[in-house]
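Below: the structure, in structure tokens.
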2 protein chains.
Amino acid sequence: MPGARDLPHPDAASLVLTDVLFALSDPSRLALVRRLAQGPLEVAACQPTGGEVPKSTLSHHLKTLREAGVVRNVPEGRQRYVSLRREDLDDRFPGLLDAVLGTAAE
Amino acid sequence: MPGARDLPHPDAASLVLTDVLFALSDPSRLALVRRLAQGPLEVAACQPTGGEVPKSTLSHHLKTLREAGVVRNVPEGRQRYVSLRREDLDDRFPGLLDAVLGTAAE
DNA sequence: CCGATTGTTCGACTACTATCGAACCATGCC
DNA sequence: GGCATGGTTCGATAGTAGTCGAACAATCGG
């Protein structure tokens with residue numbers, strides 16, 4: 001049994017709107033979510049374009065997004081894949097993600 | 001000329017998405033925005049239903065919402081009227097407010 | 001003009017959040 | 001097993017946000 005090191009994720013039904021809004025209210029996190037909207041990324045690829053951020057800082061932001069239910073973080077071999085929980089979000093908060101992503105990046 | 005004591009409001013074109021999301025990410029502020037969606041209120045009426053909050057605390061939340069461009073705060077005689085900037089928000093972030101308000105209060 | 005009413009602002013304190021290095025953990029490869 | 005790789009967690013520190021009392025400002029009514 002390959003040691004399951006799965007991280008806790010809230011289930012779709014229990015997502016809290018204010019938590020989601022807070023997770024999206026940080027510019028660097030929102031920028032990441034925009035990129036994730038185009039497909040999953042490994043954690044290393046979640047680095048902001050250009051600048052390098054310490055792994056611990058990046059991991060912290062991913063945790064915020066994950067605990068709010070915005071992204072899913074799944075181990076895959078030696079790495080982890082981060083993906084947007086688009087369906088869950090659309091189901092619970094219809095139109096929210098589209099509205100947020102529909103605004104041009106600033 | 002009755003002393004104009006107008007508070008500063010960002011203009012519609014310069015609203016920042018992350019600031020708006022942050023302003024809405026607080027449960028008490030979001031609850032207030034829901035009520036404002038049904039029409040303007042005087043500041044005193046912005047008190048959370050039931051519990052009493054110090055005036056300074058309430059004023060602080062109103063400031064956060066105002067500076068993010070979510071509400072407008074206009075003096076009217078001895079009181080002030082707080083209103084949702086629905087058109088400005090819809091114009092700049094189409095669908096966002098509807099999505100946020102569309103979710104049942106928690 | 002005086003006092004009551006309606007709110008904002010200031011200052012202090014507390015609580016939370018961001019950031020980063022270092023330690024730690026699991027995996028894959030030799 | 002031993003070691004490099006990819007990430008999370010821990011702990012400390014600095015900055016930011018929430019809460020509240022007290023002071024201040026502007027208006028209306030006597």
Side-chain angles (χ1 to χ4, degrees), chain A residues 1-10 16 18-33 36 40-48 50-68 70-83, chain B residues 1-10 16 18-33 36 40-48 50-68 70-83:
Chain A
M1 186 192 316
R5 56 192 164 114
D6 297 318
L7 297 167
H9 292 74
V16 175
T18 49
D19 291 349
V20 172
L21 294 175
F22 179 80
L24 297 176
S25 73
D26 179 84
S28 57
R29 286 194 294 258
L30 180 56
L32 174 56
V33 168
L36 288 172
L41 294 172
E42 20 183 295
V43 172
C46 291
Q47 285 284 355
E52 286 298 300
V53 164
K55 299 192 294 184
S56 54
T57 299
L58 179 56
S59 194
H60 171 260
H61 283 306
L62 290 175
K63 181 180 182 180
T64 301
L65 288 167
R66 174 174 52 82
E67 290 181 339
V70 176
V71 303
R72 192 168 277 127
N73 187 332
V74 181
E76 186 79 14
R78 190 160 26 173
Q79 8 193 47
R80 285 170 172 284
Y81 277 96
V82 180
S83 59
Chain B
M1 186 191 314
R5 57 194 162 111
D6 297 318
L7 297 167
H9 292 75
V16 176
T18 48
D19 291 349
V20 172
L21 295 175
F22 180 80
L24 297 175
S25 72
D26 179 85
S28 56
R29 286 194 295 258
L30 180 57
L32 173 56
V33 168
L36 288 172
L41 294 172
E42 20 184 296
V43 173
C46 292
Q47 285 284 355
E52 286 297 301
V53 163
K55 298 192 294 182
S56 54
T57 299
L58 179 56
S59 193
H60 173 260
H61 283 307
L62 290 175
K63 181 179 183 182
T64 301
L65 288 167
R66 174 174 51 82
E67 290 181 339
V70 177
V71 305
R72 192 168 277 126
N73 187 333
V74 180
E76 185 82 13
R78 189 160 28 175
Q79 11 195 42
R80 286 170 172 281
Y81 277 95
V82 180
S83 60

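Keep in mind the model is a prediction, meaning the values are calculated, not measured. Lettering of chains follows the sequences in order, A, B, ..., and the numbering in each one begins at 1.
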Round to the nearest Å and state the distance from [X] atom [atom1] to [N] atom [atom2].
X	N	atom1	atom2	value
His61(B)	dG7(C)	NE2	C1'	15 Å
Arg5(B)	dT6(C)	CZ	P	12 Å
Glu52(A)	dC20(C)	CD	P	12 Å
Lys55(B)	dC10(C)	NZ	C1'	14 Å
Phe22(A)	dG18(D)	CZ	P	9 Å

### Message
I'd like to know whether Gln79(B) forms a side chain to side chain contact (heavy atoms under 4.5 Å, CB included) with Val43(B), so could you lay out the CA-CA distance, the side-chain angles of the two residues, the decisive distance to 0.1 Å, and finally the verdict.
### Response
CA-CA 7 Å; Gln79(B) 11 195 42; Val43(B) 173; over 6 Å; no
OP1 or OP2 of [N] sitting under 4.0 Å from any side-chain N/O of [X]?
X	N	answer
Arg66(A)	dT8(D)	no
Asn73(B)	dT8(C)	yes
Thr57(B)	dG18(D)	no

State which of [options] makes the closest approach to the side chain of [X].
X	options	result
Arg78(B)	dT27(C), dT8(C), dT5(C)	dT5(C)
Ala44(B)	dA18(C), dT9(D), dG7(C)	dG7(C)
Pro54(A)	dG28(C), dT8(C), dC20(C)	dC20(C)
His60(B)	dG7(C), dT19(D), dT27(D)	dT19(D)

### Summary
Taking for Arg29(A) and for Glu76(A) the nucleotide of DNA chain C with the nearest heavy atom, the one nearer the 5' end belongs to Arg29(A)
### Message
Under 4.0 Å, counting only non-hydrogen atoms across every strand here, what does Leu7(A) touch: a base, just sugar-phosphate, or nothing?
### Response
sugar-phosphate
### Message
Can you tell me whether the side chain of Ser56(A) and the base of dG21(C) have a donor-acceptor pair closer than 3.5 Å?
### Response
yes
